[in-house]
There are 2 protein chains.
Amino acid sequence: MFSKACEYGIRASTYIALKSLEGTRVSLKEIAEKIDSPVAFTAKVLQQLSKNHIVDSVKGASGGFQITKANINQIKLAQIVFAIDGNNVYEGCGLGLKKCNANEPCPVHDKFVQIRSDLKNMLENTSLYDMTIGLEEGLTSLRR
Amino acid sequence: MFSKACEYGIRASTYIALKSLEGTRVSLKEIAEKIDSPVAFTAKVLQQLSKNHIVDSVKGASGGFQITKANINQIKLAQIVFAIDGNNVYEGCGLGLKKCNANEPCPVHDKFVQIRSDLKNMLENTSLYDMTIGLEEGLTSLRR
DNA sequence: TATAAATAGGACAATTTTATCCTATTTAAT
DNA sequence: ATTAAATAGGATAAAATTGTCCTATTTATA
């Protein structure tokens, strides 16, 4: 569904949000440990998220990544997915046609439109804060 | 959503079904032309579909690919997707976790279960025959 | 029986995605 | 000022996916 980069991006952002709610900034190393992802690759993903103003990065000693509380509530999964995978997830044809639309549809166009629309809705209505609920109590997990 | 191989597989199977309904067997070359796919790569995909008894292949002069009328009605997209991409589409965790399930879910487990379930239902309820409806009249397309 | 047309399949190549490594830069703290 | 801890970013490598090429095999037909 999503690229590995995007999966790491969502998990990383969620972990950063969780710790930011507790008021602490987190290092790349800690993030990668907690979401069980390759450190250097995760660094690239975080760079991209930082450029897209989804996470804030602070350089230097005691630096790290954080997300403002306002953004934890405002940023939706859709923005993270778009920043990393673009809008192909929502718009690409299920059968790989370049010009698939209501005028010249593939045989499953309408059905895919429905599925993708549901996915889009879900991603547009799930905030980073929503993602953190359940994590502290161990009801949900970002690794394994 | 699907791999390129899978996209070609669905388009190829659909075209074969369409021609089989007309009673004609089709060659790899014709298939690749009609679905706008790379010939040799499509050959590999068709081999796989043949091994999985989704299409019938006939070797030798005047050979080609075909699907029995019974199978055109019975074979669902889900079987094609499974033959090529496995069940990752249905079962894989949206955030890439290996052990994501109701017991130890990722933060979006339930929401993804819903989306994937809808996708699965759609694929399990769409037959190759369904795919061919609209193609003859040019209402739907397998290329561009 | 020879030939031509077709799929089967192995080997390889190109591309994309994923992942690593190293150096530069920034910044807090000593 | 130095040092250590941290992100930024370029270069490269590894792996997976996508795509190509060539030969073998099969089979209808002349």
Side-chain angles (χ1 to χ4, degrees), chain A residues 1-13 15-16 19-20 24-33 35-67 81 84-86 88-89 92 95-96 98, chain B residues 1-13 15-16 19-20 24-33 35-67 81 84-86 88-89 92 95-96 98:
Chain A
M1 183 105 61
F2 306 133
S3 68
K4 280 283 163 196
C6 190
E7 291 174 356
Y8 297 149
I10 295 174
R11 277 149 63 194
S13 302
Y15 182 71
I16 297 167
K19 300 302 277 190
S20 291
T24 65
R25 187 183 290 163
V26 281
S27 72
L28 164 66
K29 196 182 156 200
E30 178 181 345
I31 294 166
E33 268 167 16
I35 70 169
D36 192 28
S37 67
V39 181
F41 190 64
T42 305
K44 303 292 187 191
V45 175
L46 285 170
Q47 268 181 49
Q48 217 168 332
L49 292 179
S50 174
K51 282 177 185 163
N52 282 274
H53 307 102
I54 287 167
V55 306
D56 300 323
S57 87
V58 179
K59 293 178 85 172
S62 87
F65 296 91
Q66 62 193 29
I67 308 178
V81 172
I84 299 177
D85 282 349
N88 204 37
V89 181
L95 302 188
K98 282 160 207 155
Chain B
M1 181 105 61
F2 306 134
S3 67
K4 280 285 163 195
C6 190
E7 291 173 355
Y8 297 148
I10 295 174
R11 277 150 61 193
S13 303
Y15 182 71
I16 297 167
K19 300 302 278 188
S20 292
T24 66
R25 189 183 287 162
V26 281
S27 72
L28 164 65
K29 196 182 156 203
E30 177 180 345
I31 295 166
E33 268 167 17
I35 71 170
D36 193 27
S37 68
V39 180
F41 190 64
T42 305
K44 304 291 186 189
V45 175
L46 286 171
Q47 269 180 49
Q48 217 169 333
L49 293 179
S50 174
K51 282 177 185 163
N52 282 275
H53 306 102
I54 287 167
V55 305
D56 300 324
S57 86
V58 180
K59 292 177 87 171
S62 87
F65 296 91
Q66 62 193 29
I67 308 179
V81 172
I84 299 178
D85 282 349
N88 203 39
V89 181
L95 302 188
K98 282 161 207 155

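Convention: sequence-line order gives letters A, B, ...; per-chain numbering from 1. In what follows, every heavy atom counts, from backbone to side chain, and hydrogens, waters and symmetry copies are set aside.
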*On DNA chain D, check which nucleotide each of A/K59 and A/K44 is closest to and give me the residue with the more 5' one.*
A/K59
*Please determine, for the side chain of A/A61, which listed nucleotide (C/dT7, D/dG19, C/dT27) has the closest atom?*
C/dT27
*Between C/dG9, C/dC21, D/dA28, which one does the side chain of A/A40 approach most closely?*
C/dC21
*Given atom CG of A/L46 and atom C1' of D/dG9, what is their separation to the nearest angstrom?*
14 Å
_Value in whole Å for how far the P atom of D/dT25 lies from CG of B/L28_ = 20 Å
*Taking all atoms of both residues into account, what is the closest heavy-atom pair of B/I84 and B/Q48, and its distance?*
CA-NE2, 4.0 Å
*A/S57 vs D/dA8: side-chain N/O to OP1/OP2 distance below 4.0 Å*: yes
*Mind checking the CG-CD1 spacing from A/D36 to A/I31? Nearest 0.5 Å is all I need.*
14.0 Å
*asked:* Please report the distance, rounded to the nearest Å, between CZ in A/F65 and C1' in C/dT26.
replied: 13 Å
*Using whole Å, report how far NZ of B/K4 lies from C1' of C/dT15.*
13 Å
_Nucleotide of D/dT20, C/dA28, C/dT20 approaching B/P38 most closely (side-chain heavy atoms)_ = D/dT20
*Using atom CZ of A/R11 as one end and atom P of C/dT18 as the other, report the distance to the nearest whole Å.*
13 Å
_Close side-chain approach of A/F65 and A/L49, heavy atoms under 4.5 Å_ = no
_Spacing of A/T42 atom OG1 and A/E33 atom CD [to the nearest 0.5 Å]_ = 11.5 Å
*Can you tell me if the side-chain N/O atoms of B/Y8 get under 4.0 Å from OP1 or OP2 in D/dG19?*
yes
*Roughly, in whole Å, what's the span from CD1 in B/I35 to P in D/dG19?*
11 Å
*asked:* Give me the atom names and distance for the closest heavy-atom approach of B/Y8 to B/S37.
replied: CD2-CB, 3.7 Å
_By nearest heavy atom, map A/G60 and A/A5 onto DNA chain C; which one lands nearer the 5' end?_
A/A5
*asked:* Please compare B/V58 and A/Q47 by the position of their nearest nucleotide in DNA chain D and report the one closer to 5'.
replied: A/Q47
*Taking CD from B/E30 and C1' from C/dA5, how many angstroms apart are they, rounded to a whole number?*
14 Å
*At under 4.0 Å, does any side-chain N or O of A/K51 touch on OP1 or OP2 of D/dA8?*
no
_Whole-Å gap separating P (C/dT15) and CZ (B/F41)_ = 15 Å
